[in-house]
Amino acid sequence: MAVVDVLIWRRAAAPGGQRPTPELFQPVVPLSFAQCGGSLLAFVTVDNKLYLMDSTSTSSPRLVEGLAEHAVIQVACSPQGFLVAITAAGAAYQVTSPAGLQERAEAGDPKAMVLLSSGMLATFGRLQELPLPVSVVSCACGAQHMLLLSGEGLVFAQGTGPQLGLGEVQQATSPVCIQALSHVQVSHIAAGTKHSLAVTSFGNLFSWGQNHQGQLGDGSVMPRDTPGLLGEVLGAVCAAAQQASAAIAKDGQIFAWGFAGQMLPRAMSLGRRAKALALTEELLVCCSTTGELIFMELVKDEAWIAHDKVLHVSASDHHVVALCASTRAAGAEQVHQPAVGTSTLEPSDSRGPLSESQLWAAKERLERSLQELQAEHFLELCGLRSQVSEADERLVKMGVQLSEQQLQSSRQKEEEDLAHLRQELEITRAALTAEAEDLATFSGSEVPALQAAQSRLRLTQETLQETQRTLERRDAALKEEVKEMESQLATLSARCHRVDEACRVAQKVVDQSQAHSVERRRCRKERLKEECQEMEQMQMQLETELEGQQLEEQRLALQQRVLQLQRSRDNARRKVMEQLRAKEQSLLQDVNAFCSRAEEWRRLLQSQESEEEMLQQELKSQAARFAETAMPLYAQVERLHSQLGRQMCQ
């Protein structure tokens with residue numbers, strides 16, 4: 001599998017008219033797919049593993065632990081911090097931020113913003129399988145909605161707003177089939193910020209949703225809550241949507257609309273045949289059939305080639321991510337970069353003596369683990385507060401009890417992680433001491449190198465000691481925070497006692513509903529059991545009828561039929577071979593006859609050419625003799641004319 005490079009434009013349209021430059025990343029493992037949703041970047045490897053990365057931070061991509069056992073083939077990211085992943089089995093999974101974290105980040109909480117932008121979605125995100133009656137092959141995400149495409153060409157929508165395409169239904173908490181598109185076979189979908197596009201297998205383009213910038217392409221600014229046919233673009237093969245809209249026709253021509261007052265599709269001249277496209281808030285990003293990545297400013301109508309050898313491109317908001325052919329030679333040794341964390345794209349190897357890069361990596365792992373521990377405490381606190389609010393509003397007591405159990409498990413996990421970190425520090429210190437003892441056995445000629453190594457070892461030991469002291473201080477701070485959380489939990493528990501009676505009533509209602517559900521399931525199970533028994537009896541009867549002489553006669557008849565078919569096939573093959581041989585002989589004879597006739601024609605032509613040359617020479621000699629004999633005759637004729645003239649005058 002060919003290794004690819006990753007190019008990321010954090011600001012695709014640079015201010016002041018400057019051309020933006022990308023940042024180059026060289027992953028160790030080969031990638032097959034990349035998707036961009038705001039600053040959230042998603043990568044799918046060739047072994048179908050999903051990694052997430054925040055483009056505004058310097059952290060490495062992190063593996064989505066909840067989907068590690070699933071073969072992910074495609075993913076779509078939303079600028080609002082959630083994503084949808086499609087597996088090879090046709091299932092769809094939604095990954096959202098932990099409870100209360102997204103709301104606090106939108107409210108401006110700096111700690112929540114830091115946690116949300118540092119890859120916490122990959123480790124602590126909530127995983128939910130979407131209930132779908134069919135297998136899914138593609139997906140797309142907008143700001144507040146998502147679209148799912150099945151293998152049969154059906155489109156399902158979930159979210160809020162007219163961009164769902166469900167008519168008067170403006171909110172769907174689970175995927176709902178868009179009935180207005182059920183009579184056509186959709187081959188491609190695109191989700192903009194607040195509108196949607198769909199392309200059918202016949203090249204028809206449908207649009208629906210908000211239309212304040214004319215992004216629906218119908219020449220108006222009126223929204224539409226059901227899909228409408230866009231007749232100005234014929235033969236469409238794919239589409240893209242952001243604030244504006246764009247589509248590619250079968251001939252590679254690009255159409256765009258929904259920007260700078262452009263409310264109808266307009267042909268964009270790029271001088272290239274396009275095979276894929278994407279949109280940011282300012283740019284049209286196009287990948288040509290020759291692998292060139294072209295940026296075009298929608299308002300200024302200016303285009304330039306940003307890169308070449310591009311295999312895949314995605315864009316959202318102000319970000320663009322592209323996969324291109326790697327400049328590294330195949331099979332060349334990759335430059336090892338220290339791995340950060342245990343769930344990055346770069347493998348780690350703990351065998352052999354520890355080098356300076358490995359010590360640096362161990363330090364980074366310790367700091368990252370400490371950040372994760374702090375994030376766990378913060379997320380637990382957010383979860384407790386949100387559950388208490390739900391208890392006050394919905395009179396649910398079970399949420400607080402579950403939060404207490406999660407707090408105890410997080411404490412236990414924290415103690416285990418801290419013990420593991422201390423053990424890792426001890427192992428690292430022992431390895432450094434052993435290396436120092438090995439260096440002490442060097443000869444006297446290597447004293448300068450030994451002294452330099454010892455100085456590096458002392459610096460490394462001091463750094464490790466400082467790191468250990470920092471960890472101890474952070475551990476103490478975490479313990480203080482845990483104590484504070486315990487006091488807050490006690491206060492919240494006291495508040496929950498006031499809603500005990502209401503919770504019991506709600507629990508009674510839930511029990512009754514569950515009892516009814518159990519009874520319905522039991523009745524259905526009995527009906528299914530009876531149907532299964534009837535089917536088994538019918539199957540036994542059919543098996544009894546098909547046994548015996550009838551099966552043997554059918555087998556013999558089939559064998560005879562097979563023999564007849566084989567004989568007829570052999571006879572047909574023999575006849576065809578004989579006909580081919582006869583045709584081949586006749587063709588060879590015709591070719592030989594033609595060659596002999598061509599040789600005769602060639603000899604005849606040569607003889608005619610020689611005769612023609614002889615005739616030309618004879619004509620030349622006769623002309624010369626005629627000229628010699630004609631001159632005195634001409635002189636005699638002149639004399640006769642002169643004499644005749646004199647006689648006539650006399």
If you draw a 6.0 Å radius around [atom1] in [X], do more than 12 non-hydrogen atoms from other residues or ligands fall strictly inside?
X	atom1	value
E302	CD	yes
K309	NZ	no
K49	NZ	yes

Least distance between heavy atoms, [X] atom then [Y] atom:
X	Y	value
A92	L132	CB-CD1, 3.9 Å
A249	V237	O-CG2, 3.9 Å
H212	V221	O-CG1, 4.0 Å
A76	Q35	CA-CG, 3.9 Å
G217	L230	O-CD1, 2.8 Å
A172	A157	CB-O, 4.2 Å

To the nearest 0.5 Å, how far apart are [atom1] in [X] and [atom2] in [Y]?
X	Y	atom1	atom2	value
S78	L40	OG	CG	9.0 Å
L277	S314	CG	OG	11.0 Å
F259	E281	CZ	CD	15.0 Å
Q163	D225	CD	CG	10.5 Å
Q215	M263	CD	CE	11.0 Å
Q242	L283	CD	CG	11.0 Å

Pairwise side-chain contact, [X] with [Y], heavy-atom cut-off 4.5 Å (strictly under):
X	Y	result
V184	F202	no
I73	N48	yes
I189	S138	yes
L31	Y51	no
P133	F156	yes
D308	L293	no
E297	W304	yes
L52	V64	yes

- Task: Report the C-alpha distance between V75 and I86 in whole Å, list the side-chain angles of each, state the deciding distance to 0.1 Å, and finish with yes or no for side chain to side chain contact (heavy atoms under 4.5 Å, CB included).
- Result: CA-CA 6 Å; V75 63; I86 306 299; over 6 Å; no
Looking at [X] and [Y], would you say the former's side chain and the latter's main chain have a donor-acceptor pair under 3.5 Å?
X	Y	value
T193	A143	no
T280	S316	no
Q80	Q144	no
E65	L67	no
N211	S220	yes
E69	G66	no
R273	D251	yes
H195	L216	no
E292	T290	no
T226	G167	no

- Message: Is the ring pair H70/Y93 parallel, tilted or perpendicular, if the boundaries are 30 and 60 degrees?
- Response: tilted
- Could you walk me through whether M146 and F82 pass the side chain to side chain contact (heavy atoms under 4.5 Å, CB included) test, one step at a time? CA-CA 10 Å; M146 69 178 70; F82 68 90; 4.0 Å; yes
- Message: Show, in sequence, the C-alpha distance, side-chain angles and deciding distance for H312 and F33, and conclude whether the side chain to side chain contact (heavy atoms under 4.5 Å, CB included) test is met.
- Response: CA-CA 7 Å; H312 176 76; F33 187 83; 3.7 Å; yes
- Message: Using side chain to side chain contact (heavy atoms under 4.5 Å, CB included), reason through V169 and L164 one step at a time and then give a plain yes or no.
- Response: CA-CA 8 Å; V169 179; L164 299 180; 5.5 Å; no
- For V320, the option from I8, V313, L279 that meets side-chain contact (heavy atoms from CB on, under 4.5 Å): V313
